[in-house]
Amino acid sequence: MENGSNKTGTKEAENILKKIETAALDGFTIFDHDNNKTVNKTEVGAVVRSLSLCPTEGELHDLVTEMEDDHGEGEFIRYEKYLPVVTKCIMERRYMPFPEARILKAFEALDQEKKGFLTKEELSNILMTEGEPFSQDEMETMVNSFLDPETGKIDYKRDAHLLVCDGGPLL
């Protein structure tokens, strides 16, 4: 019996690795504009996030460094360097997205007056000064994506679900 369950476990592991490889290749291929199994380093974040991994910019920088050729030269990442790094991230469940409840709690912590919303100015200030600061463009995109044009407010209770990764983890 033990041998049979061993084969089942091996088969399941093979299926999981195949699923990861397929998803990793699908995401990579979208950004492989020259069809030569490379993507520009500037697009690695989008490729990684297409796998429902959510690293910070600092963590993403570390991942890119790990994926670089031995000398770290050039502006492209090769698929054969990318695949083992993202496979390890997925298998170790690193950079998993936050559930909606946690995102909502984070917004509630920012809403010190417990109004149920943030103003454009409040969110802009937070995004530019707290934690890993957003660039001006990132901040404007984020704020404008959630700003209610009628009220001029960010109703985080209504919109928190929009910040949850749709794809969910591969495991």
Side-chain angles (χ1 to χ4, degrees), residues 7-107 123-124 126-128 130-147 154 156 158-171:
K7 285 182 181 179
T8 302
T10 301
K11 186 71 171 163
E12 287 175 14
E14 288 172 0
N15 287 339
I16 289 170
L17 284 174
K18 182 80 171 153
K19 184 177 176 182
I20 291 169
E21 286 178 18
T22 299
L25 180 60
D26 289 348
F28 195 91
T29 302
I30 292 169
F31 295 92
D32 181 6
H33 304 295
D34 296 328
N35 295 318
N36 63 356
K37 298 270 187 183
T38 64
V39 295
N40 192 295
K41 287 180 185 178
T42 61
E43 295 180 311
V44 170
V47 177
V48 168
R49 290 181 180 110
S50 76
L51 297 170
S52 297
L53 300 175
C54 302
T56 65
E57 288 302 312
E59 291 165 336
L60 184 60
H61 175 76
D62 293 344
L63 289 174
V64 169
T65 299
E66 212 176 323
M67 293 175 192
E68 288 177 325
D69 286 326
D70 297 332
H71 303 290
E73 297 172 5
E75 59 188 87
F76 293 94
I77 297 296
R78 292 182 298 120
Y79 180 74
E80 58 267 19
K81 293 282 195 169
Y82 153 86
L83 181 60
V85 173
V86 297
T87 299
K88 184 178 178 184
C89 291
I90 292 167
M91 296 299 290
E92 293 177 353
R93 298 183 181 273
R94 290 175 22 202
Y95 317 124
M96 302 313 307
F98 294 118
E100 183 177 349
R102 187 162 176 194
I103 292 170
L104 188 56
K105 278 188 174 198
F107 274 111
L123 186 57
S124 298
I126 292 164
L127 295 176
M128 297 293 288
E130 301 294 324
E132 190 171 339
F134 280 42
S135 70
Q136 184 70 31
D137 286 343
E138 290 171 328
M139 182 275 301
E140 288 175 8
T141 299
M142 178 77 161
V143 169
N144 291 333
S145 295
F146 295 99
L147 188 66
I154 292 116
Y156 58 81
R158 179 194 67 205
D159 295 336
H161 73 280
L162 298 173
L163 294 172
V164 176
C165 286
D166 289 333
L170 290 169
L171 295 178

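For clarity, every value in this text was computed on a predicted model and none was experimentally measured. Each residue takes its place number in the sequence, starting with 1.
Using a 4.5 Å heavy-atom threshold, the side chains of I77 and T38 count as separate. In this structure, the side chains of N40 and F31 stay at 4.5 Å or more apart for every pair of heavy atoms. Considering only heavy atoms from C-beta on, L53 stays 4.5 Å or farther from R94 through its side chain. You'll find the side chain of E59 stays beyond 4.5 Å of the side chain of V48, heavy atoms only. Side-chain contact between F107 and D159 is absent, with no heavy atoms from C-beta onward closer than 4.5 Å. L127 is not listed as a side-chain neighbour of E138, based on a closest heavy-atom distance of 4.5 Å or more. At least one side-chain heavy atom of L51 sits less than 4.5 Å from a side-chain heavy atom of V86. Between L25 and K37 the shortest side-chain heavy-atom distance falls below 4.5 Å.
In this structure, CD1 in I90 is found 12.0 Å from OH in Y95, a value given to the nearest 0.5 Å. A distance of 13.5 Å separates CG in L163 from CZ in R102, rounded to the nearest 0.5 Å. Atom CG of L123 is separated from atom CG of L147 by 9.0 Å, given to the nearest 0.5 angstrom. Rounded to the nearest 0.5 Å, atoms CZ (R158) and CZ (F146) are 9.5 Å apart. Taking OG1 from T42 and CD from E75, the interatomic distance works out to 8.0 Å, rounded to the nearest 0.5 Å. In this structure, N144 CG and M139 CE are separated by 8.5 Å, a value rounded to the nearest 0.5 Å.
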I would like to know whether M67 and R78 meet side-chain contact (heavy atoms from CB on, under 4.5 Å); could you show each step before the answer?
-> CA-CA 8 Å; M67 293 175 192; R78 292 182 298 120; over 6 Å; no
What's the verdict on salt bridge (Lys or Arg N to Asp or Glu O under 4.0 Å) for K19 and E12, showing C-alpha distance, side-chain angles and the deciding distance?
-> CA-CA 10 Å; K19 184 177 176 182; E12 287 175 14; over 6 Å; no
Go through the steps for D137 and S135 under the test side-chain hydrogen bond (donor to acceptor under 3.5 Å, both in side chains), then give the verdict.
-> CA-CA 5 Å; D137 286 343; S135 70; 5.4 Å; no
Could you walk me through whether S50 and I30 pass the side-chain contact (heavy atoms from CB on, under 4.5 Å) check?
-> CA-CA 10 Å; S50 76; I30 292 169; over 6 Å; no
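Residue F98 places its CZ atom among 12 or fewer non-hydrogen atoms of other residues, nucleotides or ligands, all under 6.0 Å distant.
Heavy atoms only, all atoms of each residue included: L104 and Y156 are closest at CD1-CD1, 3.7 Å. Nearest heavy atoms, K41 versus G74: NZ-O, 2.8 Å. Contact detail for C89 and L63: the closest heavy-atom pair is SG-CD2, 3.6 Å. Of all heavy-atom pairs spanning E21 and Y79, the tightest one is O-OH, 3.7 Å.
Side chain of E57 to main chain of E132: no donor-acceptor pair is present (N/O by atom type, distance under 3.5 Å, no hydrogens or angles). Between the side chain of Y82 and the backbone N or O of V44, no donor-acceptor pair lies under 3.5 Å.
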